[in-house]
Undergrad: 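Before we start, here is the structure in question, set down as structure tokens.
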There are 2 protein chains.
Amino acid sequence: MTTKRRNNSQDVADLANVSQASVSRAFTLGASISAKTKEKILAAAAKLDYQPNIIARSLSKNQSGLIGILFANWDHPKAAEILKGLCEAITEKGFKPVVQSASTIESVDKAFIDFLSYQVDGVIVFSTSPSANTSALCLRSNIPIVILNHSTPGINASIVTIDSIKVGRQIGDALLKGRYKRIAIISSDAHSQVVSGISNAIAETVSHAAGTEIISKITGIHGYEAGIQTITDLWAEDIKPDAIVCTSDYTALGILAGCRHQLNISVPEELCVIGLGDIPASGWKDHDLSTVKIPHDELVKTTVTTLISKIETKSMEPENIRLEAKLLLRGTIRSS
Amino acid sequence: MTTKRRNNSQDVADLANVSQASVSRAFTLGASISAKTKEKILAAAAKLDYQPNIIARSLSKNQSGLIGILFANWDHPKAAEILKGLCEAITEKGFKPVVQSASTIESVDKAFIDFLSYQVDGVIVFSTSPSANTSALCLRSNIPIVILNHSTPGINASIVTIDSIKVGRQIGDALLKGRYKRIAIISSDAHSQVVSGISNAIAETVSHAAGTEIISKITGIHGYEAGIQTITDLWAEDIKPDAIVCTSDYTALGILAGCRHQLNISVPEELCVIGLGDIPASGWKDHDLSTVKIPHDELVKTTVTTLISKIETKSMEPENIRLEAKLLLRGTIRSS
DNA sequence: CAGCAATATGTATGCGCTTGCAATGCTACT
DNA sequence: AGTAGCATTGCAAGCGCATACATATTGCTG
């Protein structure tokens, strides 16, 4: 089978009796070309299955139209939704997303090198960040970076995330209002700035009320089963918490299941449980978990528009954007 | 700010006192070049932040190294896992995934045109399929297609999916063994070949036993809330089912919640519930849903290897690959 | 050390497109 | 009719790299 060459603009030009340059213009929005020739060219192109070769266009225009997405946190409950939002927003703006999975620091940096090779016009990073070295390399190469959901100081990149301080204060206030005294904070990721922001803001808020304190902070707990285990462990202690804030809904649901089905702990009387993320199951009647609704859609859209505006203005100035999240008070916390 | 041009192979060549061709060879695996010059060139390249421009390489090699992923079913419970698997497998093979979201038929076809423009070397389609026209266009352009999780006859594309007939038979057998008589089948997508394959195989299997029948097939039901609604409606009928097979775990969990918390239906005595997909929540103690475990990981890997082998052998022969899924019998079905 | 094969390097061309510039065609106005 | 002014088209160079081919260098054998 002789792999036949795909038709190019010259082939179309020959068929339409025009110059190759005119074919190029026919496919360039706003180029100087008469309606008549354009029509003639498009007809010829259709006849030949011709589509402009974007690779060649990229080379001559010196911009690929590619945006690299570096996706670290696939376990995020809304991972699919977020990625979908990113891809669609990027496509809508006339770019194409190239997705790369990354977990370790080295693989993140390696992915950036790959992105550079592919001449991406910009990079979006989800829940991780490049090393200072790599970030500097991108700066030298004029590739703007926007980091979603992971604030990282000292890196030349823009950041879009939630206002974790504000969320922490809201949670703190709600706990005070519910007269909870002994608070435990359970998180999966010890290094997440979002988590530590929330955690610190809760601590700071409740510190204003006498007799209320954070009795423990546990990190590295992640998932439903781990939640059940955690509440079992906590309940074996002498001093038990009367409120648990969990930076993952899955873990919180595990804790809830442990309370209700195994340990017979009454929620929200004996124990308050608060999650983070508002996954669908949290709203289900048999769970009814209080949690924090994160404006993922807005975060995603903001991320993409921020990046693309940087690409278009060739600006490398880092921005720091924080959107508001909303605390949803449901059945797992008492309101007074 | 004068946007400085990125260094190219000529710049490196100048610094290293060699020809541009040698620089190219230094970055081409297995090219004819001495260790000494290669080292010299790599040093110079490092000094200049040089990375080969893959766009230019693509143009001259006439292959982009890009694989298009057309992702339709973002609501799939394992969407993130699947996409992650695809991206990682693709990257590992030395290609890069370009992700495109698509829902309507037109957007699917449009996405294909885009992929052609970007000179992708192959396309993976998740849970949808191109029109016959577009598929023919890809055939003419020598772009192999592999469709994951959606068998579509009459299209020039390879298919990787589960053996739905076999799954249906297993479910049918399990129902017979549990002495269930009046079976309802609830599915979201009326047009899915996987769903209809399962559905038909169940019907065929139970038809061998006297007194057992499919009393209703309902389509277009999707999600937890819809599940609750559905069981409520079904229970208001004169003839109630004693087994419900649901092609989505979420819906099945909704049905289960309706049974246990609202209608006081005893599962699995009065009603058997079977889901599909084995989402994490199905295995949770408070649900314990019988369901079908789909080998997503294997499906994904097979999809990618199939596609890449087609790319490398330039074969356009469609293949039809069906992997086995496993029925997990848990607490929502009686075993005899 | 001659002589030849194998290896290494350079030269030059082309991948398919965009775009600056020059040439042409057209309109409208004097 | 003549020509300024603009829209349209063609021409040709170049984007950064791979590679066929020519040339230079090395290593090896007898």
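Side-chain atoms are counted along with the backbone in the values below, which use heavy atoms only and exclude waters and symmetry mates. Bear in mind the structure is a predicted one, so any value in this text is a computation, not a measurement. Below, chain A is the first sequence line, B the second, and so on; all start at residue 1.
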Undergrad: Nearest-Å distance, CG (Asn17(A)) to C1' (dT9(D))?
TA: 13 Å
Undergrad: So what does Val18(B) hit on the nucleic acid, given a heavy-atom distance under 4.0 Å: a base, only sugar-phosphate, or nothing?
TA: sugar-phosphate
Undergrad: If you check the Ser34(A) side chain, which of dG10(C), dT9(D), dA8(C) turns out closest?
TA: dT9(D)
Undergrad: In terms of side-chain heavy atoms of Ile33(B), which of dT19(D), dT9(C), dT18(C) is nearest?
TA: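 Nearest nucleotide to the side chain: dT9(C).
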Undergrad: Let me know, please, whether Lys36(B) or Gln20(A) comes out on the 5' side of the other along DNA chain C by nearest nucleotide.
TA: Lys36(B)
Undergrad: What nucleic acid atoms does Asn53(A) come within less than 4.0 Å of, heavy atoms only: base, sugar-phosphate, or nothing?
TA: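 It contacts sugar-phosphate atoms only.
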Undergrad: Has Ser9(B) got a side-chain N or O lying under 4.0 Å from the OP1 or OP2 atom of dC17(D)?
TA: yes
Undergrad: Whole Å only: how far is the CG atom of Asp14(A) from the C1' atom of dG10(D)?
TA: 14 Å
Undergrad: Write down the distance between OH (Tyr118(A)) and P (dG16(D)), rounded to a whole number of angstrom.
TA: 18 Å
Undergrad: Between Glu39(B) (CD) and dA8(C) (P), how many Å, whole number?
TA: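 It is 15 Å, rounded to the nearest whole Å.
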Undergrad: Around atom NZ of Lys40(B), are there more than 12 heavy atoms of other residues, nucleotides or ligands at under 6.0 Å?
TA: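 Yes - once you tally the heavy atoms of other residues, nucleotides and ligands closer than 6.0 Å, there are more than 12.
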Undergrad: Could you pick out which residue, Ser32(B) or Leu59(A), lies toward the 5' side of DNA chain C when each is mapped onto its nearest nucleotide?
TA: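 Its nearest nucleotide lies further toward 5', so the answer is Ser32(B).
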Undergrad: To the side chain of Thr37(A), which of dT9(D), dC17(D), dA12(D) is closest?
TA: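 Comparing dT9(D), dC17(D), dA12(D) against the side chain of Thr37(A), the answer is dT9(D).
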Undergrad: Check Glu317(A) with Lys310(A), please: is the shortest side-chain N to carboxylate O separation under 4.0 Å?
TA: no
Undergrad: Is the shortest side-chain N/O distance from Tyr50(A) to OP1 or OP2 of dC17(C) below 4.0 Å?
TA: yes
Undergrad: Taking only N and O in the side chain of Ser60(B), is any of them less than 4.0 Å away from OP1 or OP2 of dA18(D)?
TA: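 So the side-chain polar atoms of Ser60(B) never come under 4.0 Å of the phosphate oxygens OP1 or OP2 of dA18(D).
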Undergrad: Test for a donor-acceptor pair under 3.5 Å between the base of dG16(D) and the side chain of Arg6(B), counting only N and O atoms.
TA: no
Undergrad: Would you mind reading off the distance between Ile55(B) atom CD1 and dG16(C) atom C1', rounded to a whole angstrom?
TA: 13 Å
Undergrad: Within a reach of under 6.0 Å around CD of Gln10(B), are more than 12 heavy atoms found that belong to other residues, nucleotides or ligands?
TA: yes
Undergrad: Please check if any side-chain donor atom of Thr303(B) sits under 3.5 Å from a side-chain acceptor atom of Thr306(B), or the reverse.
TA: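 Thr306(B) and Thr303(B) do not have a side-chain donor-acceptor pair below 3.5 Å.
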Undergrad: Measure from the side chain of Asn8(A), starting at C-beta and using heavy atoms only, and say which of dT11(C), dC17(C), dT19(C) lies closest.
TA: dC17(C)
Undergrad: Counting just side-chain N and O atoms, does Ser22(A) come under 4.0 Å of either OP1 or OP2 of dG10(D)?
TA: yes
Undergrad: Measure NZ/Lys61(B) against P/dC15(D) and give the value in whole Å, please.
TA: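 My rounded result for the distance is 22 Å.
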Undergrad: Salt bridge between Asp11(A) and Arg5(A), side-chain N to carboxylate O under 4.0 Å?
TA: yes
Undergrad: Nearest whole Å is fine: how far is dA18(D) C1' from Leu29(B) CG?
TA: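 For the pair Leu29(B) CG and dA18(D) C1', the rounded distance is 15 Å.
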Undergrad: So do Ile113(B) and Lys110(B) actually touch side chain to side chain, heavy atoms under 4.5 Å?
TA: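 When only atoms from C-beta onward are counted, Ile113(B) and Lys110(B) do not touch, as no gap falls below 4.5 Å.
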Undergrad: Determine whether a donor-acceptor pair (one donor, one acceptor, N or O, separation below 3.5 Å) exists between the side chain of Arg25(A) and the base of dG10(D).
TA: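 In this structure, the two groups form a donor-acceptor pair.
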Undergrad: Could you state the CZ-P distance from Phe27(A) to dT19(C), rounded to the nearest angstrom?
TA: 16 Å
Undergrad: Between dC17(C), dT19(D), dG10(D), which nucleotide gets closest to the side-chain atoms of Ala56(A)?
TA: dC17(C)
Undergrad: Contact class for Ser58(B) (heavy atom, under 4.0 Å): base, sugar-phosphate, or nothing?
TA: nothing
